[in-house]
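Everything on this sheet refers to the single structure shown next.
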Amino acid sequence: MRISTWVRQHLAALRALLVLTAITGILYPLAVFAVAQLPGLNGKADGSLVTMDGKVVGSSLIGQSFTDADGAALIQYFQSRPSGAGDGYDPMSTSASNLGPEDIVDTADRTSLLTTVCTRSKEIADREGVDGSRPYCTKDGVGAALSVIGPRDAMGEVIEPVAVVSVNELCPASPFLAEYLGVSVECAEPGRDYAEGRIIAIRGDAPADPVVPADAVTASGSGLDPHISPAYAAIQIPRVAAARGIGEDRVRALVEAHTSDRTLGFLGEPRVNVLDLNLALDGEHPYRG
């Protein structure tokens with residue numbers, strides 16, 4: 001009895017499915033796994049895990065927090081870059097905020113990117129004892145944004161302001177600017193929408209290159225960056241040295257030892273791996289507090 005063409009075709013397809021499943025679903029993954037376990041490759045294949053006294057303490061590829069149970073920075077450790085991944089450095093929620101430079105007005109639902117940056121800069125400045133001022137930020141650490149209300153010309157510019165409101169400073173706060181274009185600046189009433197006015201950001205007199213660097217106040221695209229810039233590490237040296245009761249020169253030497261140059265000499269920027277640096281500190285200069 002001849003097998004119909006339809007049956008032969010389906011049997012051939014089934015055999016191909018089984019063969020390809022065995023090759024690509026079993027043999028190939030096993031081969032890749034076996035190669036990945038070769039000396040020199042197994043560490044990276046297993047996640048570049050970092051161990052101390054036989055215990056896994058993190059990964060050299062994923063950042064982590066060095067804070068107490070309340071989220072306050074531990075003074076004896078260098079602090080990492082902010083993270084927007086889940087609750088922080090969550091590999092299962094790697095993401096960026098997708099907010100841009102025009103996100104400058106706080107709302108009842110969330111804080112703007114500008115105020116987030118300004119708040120972080122002030123917090124770091126207070127912790128490290130440095131100047132935290134930066135363009136478009138108030139001294140209190142919120143975005144310096146105004147809503148200028150009044151009739152506009154064809155280009156959308158306000159011709160004659162009738163009211164000016166500091167939209168990120170809720171009453172009864174004192175606005176960061178006394179007046180704008182001859183009009184007294186008012187604090188914002190909670191819950192009121194000031195979108196009717198022209199929203200502008202005020203640069204202020206902060207230096208073009210703030211002491212608190214950009215990577216200290218912004219998250220990376222993945223939210224998992226394990227590195228900080230040498231500039232961010234540098235402003236943390238006095239605090240860490242004082243907490244551990246050692247000279248700043250010793251801490252600075254460790255920072256330099258854990259600073260990597262640009263990849264291949266031209267890709268990226270110099271960087272410091274925070275976990276490796278903190279582990280070296282614990283190993284050479286244990287915290288006695």
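Sequence positions, counted from 1, serve as the residue numbers for this chain.
Using a 4.5 Å cut-off on side-chain heavy atoms (C-beta onward), Tyr89 and Ser65 make contact. The closest side-chain heavy-atom distance from Val240 to Leu281 is below 4.5 Å. Using a 4.5 Å cut-off on side-chain heavy atoms (C-beta onward), Val162 and Val183 make no contact. Using a 4.5 Å heavy-atom cutoff, the side chains of Arg15 and Leu17 are not in contact. With a 4.5 Å cut-off on side-chain heavy atoms, Lys139 and Ser133 do not count as touching. Put simply, the side chain of Thr67 reaches to within 4.5 Å of the side chain of Gln79, judged on heavy atoms.
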* To do: Could you walk me through whether Val212 and Ser121 pass the side-chain contact (heavy atoms from CB on, under 4.5 Å) test, one step at a time?
  => CA-CA 6 Å; Val212 178; Ser121 189; 3.9 Å; yes
* Give the C-alpha distance, both sets of side-chain angles, the deciding distance and a yes or no for salt bridge (charged side-chain N to carboxylate O under 4.0 Å, His left out) between Arg81 and Asp225. => CA-CA 7 Å; Arg81 185 174 186 176; Asp225 193 351; 3.2 Å; yes
* Asked: Do Asp103 and Ser112 pass the side chain to side chain donor-acceptor pair (under 3.5 Å) test, and can you show the C-alpha distance, the side-chain angles, and the key distance before you say yes or no?
  -> CA-CA 6 Å; Asp103 187 53; Ser112 66; 5.0 Å; no
* Under the side-chain contact (heavy atoms from CB on, under 4.5 Å) rule, what do Val274 and His227 come out as? Steps first, then yes or no, please. => CA-CA 6 Å; Val274 182; His227 301 100; over 6 Å; no
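Atoms CG and SG, on Asn168 and Cys118 in that order, are 8.5 Å from each other to the nearest 0.5 Å. Put simply, CD on Glu169 and CG on Leu146 are 9.0 Å apart, with the number rounded to the nearest 0.5 Å. The CD1 atom of Ile124 sits 11.0 Å away from atom OG1 of Thr119, with the distance rounded to the nearest 0.5 Å. With rounding to the nearest 0.5 Å, the separation of CG in Leu74 from OH in Tyr287 is 8.5 Å.
In terms of modelled atom types and a separation under 3.5 Å, the side chain of Thr94 and the main chain of Ser222 share a donor-acceptor contact. Side chain of Ser83 to backbone of Gly88: no donor-acceptor contact under 3.5 angstrom is found. In this structure a side-chain-to-backbone donor-acceptor pair under 3.5 Å is present from Gln64 to Val57. Looking only at distances, no side-chain donor or acceptor of Asp131 sits under 3.5 Å from a matching main-chain atom of Pro210. Within the 3.5 Å criterion, the main-chain N or O of Ala72 finds a donor-acceptor partner in the side chain of Asp68. Ser80 contributes no side-chain N or O that, together with a main-chain N or O of Gly63, makes up a donor-acceptor pair within less than 3.5 Å. Judged by distance alone, with hydrogens and angles left aside, the side-chain atoms of Arg262 form a donor-acceptor pair with the main-chain N or O of Gly268 at under 3.5 Å. A donor-acceptor contact shorter than 3.5 Å links the side chain of His10 to the backbone of Trp6.
Inspection of the Arg271 and Ser260 side chains reveals no N or O donor paired with an N or O acceptor under 3.5 Å. Thr107 and Asp109 share no donor-acceptor pair across their side chains, judged by distance under 3.5 Å alone. Between Asp106 and Thr111, the side chains place no donor N or O within less than 3.5 Å of an acceptor N or O (distance only, hydrogens not considered). Between the side chains of Thr115 and Arg110, no donor N or O sits under 3.5 Å from an acceptor N or O.
Under a cutoff of 6.0 Å and an axis angle of 45°, Arg244 and Tyr77 form a cation-pi pair.
By the 4.0 Å N-to-carboxylate-O rule, Glu157 lies too far from Arg152 to be salt-bridged with it.
Cluster membership for Val130 and Val117, using ILVMFWY side-chain heavy atoms within less than 4.5 angstrom, is shared.
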